[in-house]
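See below for the structure under consideration.
Since the structure is predicted, the reported quantities are computational estimates derived from the model, not experimental observations. Start at 1 and go down the list; that is how both ligands and their atoms are numbered.
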Amino acid sequence: MSNVAVIGAQWGDEGKGKIVDWLSERADAVVRFQGGHNAGHTLVIGNQTYKLSLLPSGVVRGGKLSFIGNGVVLDPWALLAEIAKLGAQGVHIGPDKLFIAENTPLILPPHRELDQMREEAAGASRIGTTGRGIGPAYEDKAGRRAIRLADLADPETLEARLDRFLAHHDALRKGLGAAPIDRAALKAALEEIAPQVLPFAAPVWLRLSELRKQGAKVLFEGAQGALLDVDFGTYPYVTSSNTMAGQAASGSGMGPGAVGYVLGIAKAYTTRVGAGPFPTELFDAIGERLGERGHEFGTVTGRKRRCGWFDAALVRQTIATAGIHGIALTKLDVLDGLDEIRIGVGYEIDGVRHDHLPTAAALQAKAKPIYETLPGWSESTQGARRWADLPAAAIKYVKRLEELIDCPVALLSTSPEREDTILVTDPFAGSDSR
Ligand code: IMP
């Protein structure tokens, strides 16, 4: 198992960026395979903070190759802005280091406008999207009217693609009371950006296949989380892509055997941004405290995240659906100083106990969490770098989570700092240091 896929085991924002950055030291290449610039990955390295949305988290390490696979939806303007921002921080990204699949569908300004118009029109039933045009871009991919990166290289193809794109979008916009798309302006914008993004275009599947033959180690970087998966998440309050490890293969052009070890990232509690069910959500002072101590504000939208207890029933579910081999548990230190800590172990719905969250929306709405309560700890776990540095109650909490989710904790992160990480099992090698 030489490759590793990192995916979120909850509703996103689990701290994947730090773990991917940390693991990327052991990898030769980092690959994004789904989502777009709706993701927000924060890396804290020394006194520098890097905020990434679209670029693989390995880009800040020199010498690593970065790939954006076909499973991603790419806003070329957001890409260039992010490259420029990192350039200003001293991280220079060129076409020798970053490769973007030629068959990646583009997010265009009308996708963003449609996303926002729909959310506004939906009122109270809005999804709470990031407003980046992610959903409409995936719809166009499945609807076979996407403009893909390679299309920018040929004016005739671009014209034909624009015909299909406008025929659909102008009809939709009419229904929403919006003006038709200014075709000339859109075309001119695409022609202007083409020479800036095309140098990054590559047959990513081929590059990855070559790397595989050379025995290179590949790290697949998931975005969002398993509970936002378009199939297995809390539909319709989900994102529009498959966020599971299976997507790493089809979203990059490698076979399923290439994925190897699947590392699920989970916070020691739970957060969610946007609308939708969240059975263990807290509306009290403890919820506020988790939000404050955990700095729970969205990296992309700045929205306040909803906070609650760890939901072991849901994580157990995502471990099964996503094929997770080990968990990286993050933000344990946010729980420091609590008298007691609760863990959701199942749900009571109409007087009946359920060990998993049913799919039906009406049942999800009625699900009351069943809790197990454990003693908290007063000591600080922040910055712990060895298992032995943790207070006994914190170790007990982690061990109990492992039992409840039926999966080992492979890594423990105790602060945003790169080195504040306890390695239990190396996903690339499989050693156990506990
Ligand atoms: P979209 O991906 O912008 O369409 O948003 C759909 C749902 O996914 C909303 O609830 C968003 O808040 C959520 N979402 C999208 N990206 C992220 C992320 O990176 N972290 C957490 N939630 C996200």
Is there any protein N/O under 3.5 Å from an N/O of ligand 1, and what does the full list of such pairs look like?
{"residue": "ligand 1", "atom": "2 (O)", "partner": "N38", "partner atom": "ND2", "Å": "2.9"}
{"residue": "ligand 1", "atom": "2 (O)", "partner": "T239", "partner atom": "OG1", "Å": "2.6"}
{"residue": "ligand 1", "atom": "3 (O)", "partner": "T130", "partner atom": "N", "Å": "2.8"}
{"residue": "ligand 1", "atom": "3 (O)", "partner": "T130", "partner atom": "OG1", "Å": "2.6"}
{"residue": "ligand 1", "atom": "10 (O)", "partner": "V273", "partner atom": "O", "Å": "3.2"}
{"residue": "ligand 1", "atom": "12 (O)", "partner": "G128", "partner atom": "O", "Å": "3.3"}
{"residue": "ligand 1", "atom": "12 (O)", "partner": "V273", "partner atom": "O", "Å": "3.2"}
{"residue": "ligand 1", "atom": "12 (O)", "partner": "R303", "partner atom": "NH2", "Å": "3.0"}
{"residue": "ligand 1", "atom": "16 (N)", "partner": "N38", "partner atom": "O", "Å": "3.4"}
{"residue": "ligand 1", "atom": "16 (N)", "partner": "Q224", "partner atom": "NE2", "Å": "3.2"}
{"residue": "ligand 1", "atom": "19 (O)", "partner": "N38", "partner atom": "O", "Å": "3.3"}
{"residue": "ligand 1", "atom": "20 (N)", "partner": "D13", "partner atom": "OD1", "Å": "3.0"}

Check: residues 242-255 side-chain donor-acceptor pairs under 3.5 Å, at least two apart:
{"residue": "N242", "atom": "ND2", "partner": "D229", "partner atom": "OD1", "Å": "3.1"}
{"residue": "N242", "atom": "ND2", "partner": "D229", "partner atom": "OD2", "Å": "3.2"}
{"residue": "N242", "atom": "ND2", "partner": "D231", "partner atom": "OD2", "Å": "2.9"}
{"residue": "T243", "atom": "OG1", "partner": "G225", "partner atom": "O", "Å": "2.8"}
{"residue": "Q247", "atom": "OE1", "partner": "S250", "partner atom": "OG", "Å": "3.4"}
{"residue": "S252", "atom": "OG", "partner": "A248", "partner atom": "O", "Å": "2.6"}
{"residue": "S252", "atom": "OG", "partner": "A249", "partner atom": "O", "Å": "3.4"}

I'd like to know if E403 pairs up with K399 as an ion pair, taking the criterion as any Lys NZ or Arg NE/NH1/NH2 lying under 4.0 Å from an Asp or Glu carboxylate oxygen.
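Here E403 does not pair with K399 in a salt bridge, since their nearest N and O are not under 4.0 Å apart.
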Salt-bridge criterion met for R173 and E113 (N-O under 4.0 Å)
yes
Those residues that, when tested against R289, pass salt bridge (charged side-chain N to carboxylate O under 4.0 Å, His left out) (two or more places apart)
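With neighbours one apart ignored, the set is empty.
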Just wondering, do D336 and R293 contact through their side chains at under 4.5 Å, heavy atoms?
yes
Without placing hydrogens or testing angles, list every side-chain donor-acceptor pair under 3.5 Å for residues 122-140, not counting sequence neighbours.
{"residue": "S125", "atom": "OG", "partner": "A122", "partner atom": "O", "Å": "2.9"}
{"residue": "R126", "atom": "NE", "partner": "G123", "partner atom": "O", "Å": "3.4"}
{"residue": "T129", "atom": "OG1", "partner": "D115", "partner atom": "OD1", "Å": "2.9"}
{"residue": "T129", "atom": "OG1", "partner": "G131", "partner atom": "N", "Å": "3.1"}
{"residue": "R132", "atom": "NH1", "partner": "T130", "partner atom": "O", "Å": "3.0"}
{"residue": "R132", "atom": "NH2", "partner": "V300", "partner atom": "O", "Å": "3.1"}
{"residue": "Y138", "atom": "OH", "partner": "G35", "partner atom": "N", "Å": "2.8"}
{"residue": "Y138", "atom": "OH", "partner": "G71", "partner atom": "O", "Å": "2.6"}
{"residue": "E139", "atom": "OE1", "partner": "R118", "partner atom": "NH2", "Å": "3.2"}
{"residue": "E139", "atom": "OE2", "partner": "R118", "partner atom": "NH1", "Å": "2.9"}
{"residue": "D140", "atom": "OD1", "partner": "R145", "partner atom": "NE", "Å": "2.5"}
{"residue": "D140", "atom": "OD1", "partner": "R145", "partner atom": "NH2", "Å": "3.3"}
{"residue": "D140", "atom": "OD1", "partner": "H169", "partner atom": "NE2", "Å": "3.4"}
{"residue": "D140", "atom": "OD2", "partner": "H111", "partner atom": "NE2", "Å": "2.7"}
{"residue": "D140", "atom": "OD2", "partner": "H169", "partner atom": "NE2", "Å": "2.6"}

